[in-house]
Amino acid sequence: MDNDFFDRVYDICRRIPQGRVTTYGAIARAAGAPRGARMVGWAMNKSGSITPAVPAHRVLNRNGMLSGKHAFATPRTMQQLLEAEGIEVKDDRVTDFEKLFWDPMKLSEF
DNA sequence: ACTTTGACTATAA
DNA sequence: GTTATAGCCAAAG
């Protein structure tokens with residue numbers, strides 16, 4: 001694949017089912033950069049400038065916390081989007097995060 | 001070209 | 001349990 005790491009990240013993010021969430025580490029690992037979790041976040045930040053836009057609100061940190069809420073239109077946007085998908089958010093953290101966690105590699109199934 | 005920062009993660013105290 | 005520090009890699013200043 002000639003796609004850049006960022007493009008691969010975007011592709012994975014678009015594959016996240018609605019009502020599910022994943023972590024930067026999982027995406028980075030699926031993209032071939034297990035140590036590039038921060039780059040995933042950087043790519044997400046750029047997601048507002050790409051097309052089609054990716055559901056960055058479904059990407060959380062390893063703790064299931066809404067680490068990137070401040071990058072949206074308003075810090076509240078991310079939580080609202082998650083709640084709109086049936087995800088319960090409490091104190092900037094997704095409840096039952098482990099239950100809603102979606103592994104991109106599990107779907108790709110090498 | 002060099003320094004600083006960042007939507008992270010893991011380990012140590 | 002939380003807080004601090006280090007490792008990581010790429011983009012922005």
Side-chain angles (χ1 to χ4, degrees):
Chain A
M1 290 82 100
D2 299 346
N3 292 354
D4 291 341
F5 171 70
F6 277 39
D7 290 334
R8 216 173 321 185
V9 171
Y10 301 143
D11 185 44
I12 294 169
C13 289
R14 293 193 207 99
R15 292 183 190 187
I16 302 173
Q18 192 174 36
R20 288 294 195 111
V21 293
T22 190
T23 68
Y24 302 97
I27 295 172
R29 194 160 59 105
R35 307 297 178 188
R38 303 175 92 159
M39 276 59 270
V40 176
W42 215 271
M44 294 295 97
N45 191 346
K46 208 178 74 173
S47 66
S49 302
I50 65 166
T51 43
V54 296
H57 59 272
R58 296 181 190 146
V59 185
L60 315 170
N61 66 0
R62 205 190 185 293
N63 236 347
M65 190 166 65
L66 283 56
S67 38
K69 61 177 189 174
H70 64 81
F72 288 79
T74 84
R76 238 187 244 182
T77 307
M78 190 172 186
Q79 180 171 338
Q80 288 179 349
L81 287 169
L82 289 172
E83 290 178 334
E85 296 188 357
I87 300 174
E88 189 178 356
V89 180
K90 190 76 173 182
D91 192 39
D92 295 342
R93 215 211 62 155
V94 174
T95 60
D96 297 326
F97 163 68
E98 298 180 14
K99 203 153 87 173
L100 298 171
F101 178 76
W102 176 80
D103 189 343
M105 272 205 160
K106 187 174 182 181
L107 187 68
S108 296
E109 190 70 39
F110 251 93

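Proteins get letters first, then strands, A, B, ... in listed order; numbering begins at 1 in each.
With sequence neighbours excluded, the residues that form a side-chain hydrogen bond (donor to acceptor under 3.5 Å, both in side chains) with A/E85 are A/H57, A/R58. For the side-chain hydrogen bond (donor to acceptor under 3.5 Å, both in side chains) test, no residue two or more places apart in sequence or in another chain qualifies with A/N63. Taking A/S49 as the reference, nothing meets the side-chain hydrogen bond (donor to acceptor under 3.5 Å, both in side chains) condition, with sequence neighbours excluded. Not counting sequence neighbours, the partners of A/R76 by the side-chain contact (heavy atoms from CB on, under 4.5 Å) test are A/T74, A/Q80. With sequence neighbours left out, A/R29 forms a salt bridge (charged side-chain N to carboxylate O under 4.0 Å, His left out) with A/D103. A/D96 is linked by a salt bridge (charged side-chain N to carboxylate O under 4.0 Å, His left out) to nothing, counting only residues two or more places apart in sequence or in another chain.
Scanning DNA chain B 5' to 3' for nucleotides with an atom closer than 4.0 angstrom to a non-hydrogen atom of chain A gives a first and last hit of B/dG6 to B/dA10. Protein chain A contacts DNA chain C from C/dG7 to C/dA11, reading 5' to 3' and using non-hydrogen atoms of the protein with a distance under 4.0 Å.
Here A/I87 sits in one hydrophobic cluster together with A/V21, A/L60, A/L66, A/F72, A/M78, A/L81, A/L82, A/V89, A/V94, A/F97, A/L100, A/F101; the rule is ILVMFWY side chains under 4.5 Å apart, joined directly or through other members.
A heavy-atom distance below 4.0 Å to DNA chain B is reached by these residues of residues 49-62 of chain A, ordered by number: A/A56, A/N61, A/R62. Listed in residue order, the members of residues 81-91 of chain A having a heavy atom less than 4.0 Å from DNA chain C come to none. Listed in residue order, the members of residues 33-45 of chain A having a heavy atom less than 4.0 Å from DNA chain C are A/R35, A/R38, A/M39, A/W42.
Between A/A33 and A/F5, the shortest heavy-atom contact is CB-CE1, 3.4 Å. The two residues A/T22 and A/A26 come nearest to each other via the heavy atoms OG1-CB, 3.6 Å.
A distance of 10.5 Å separates CZ of A/R20 from NZ of A/K99, quoted to the nearest 0.5 Å. In this structure, A/F6 CZ and A/M39 CE are separated by 6.5 Å, a value rounded to the nearest 0.5 Å.
By the neighbour-count criterion of 12 heavy atoms within 6.0 Å, atom CZ of A/R35 is sparsely surrounded, having that number or fewer from other residues, nucleotides or ligands. Summarising the local packing, CZ of A/R62 is surrounded by 12 or fewer heavy atoms from other residues, nucleotides or ligands at distances under 6.0 Å.
Listed for the A/Y10 side chain is a donor-acceptor partner under 3.5 Å among the backbone atoms of A/A43. Although no hydrogens or angles enter the test, the distance criterion places a donor-acceptor pair under 3.5 Å between the side chain of A/T95 and the main chain of A/E88.
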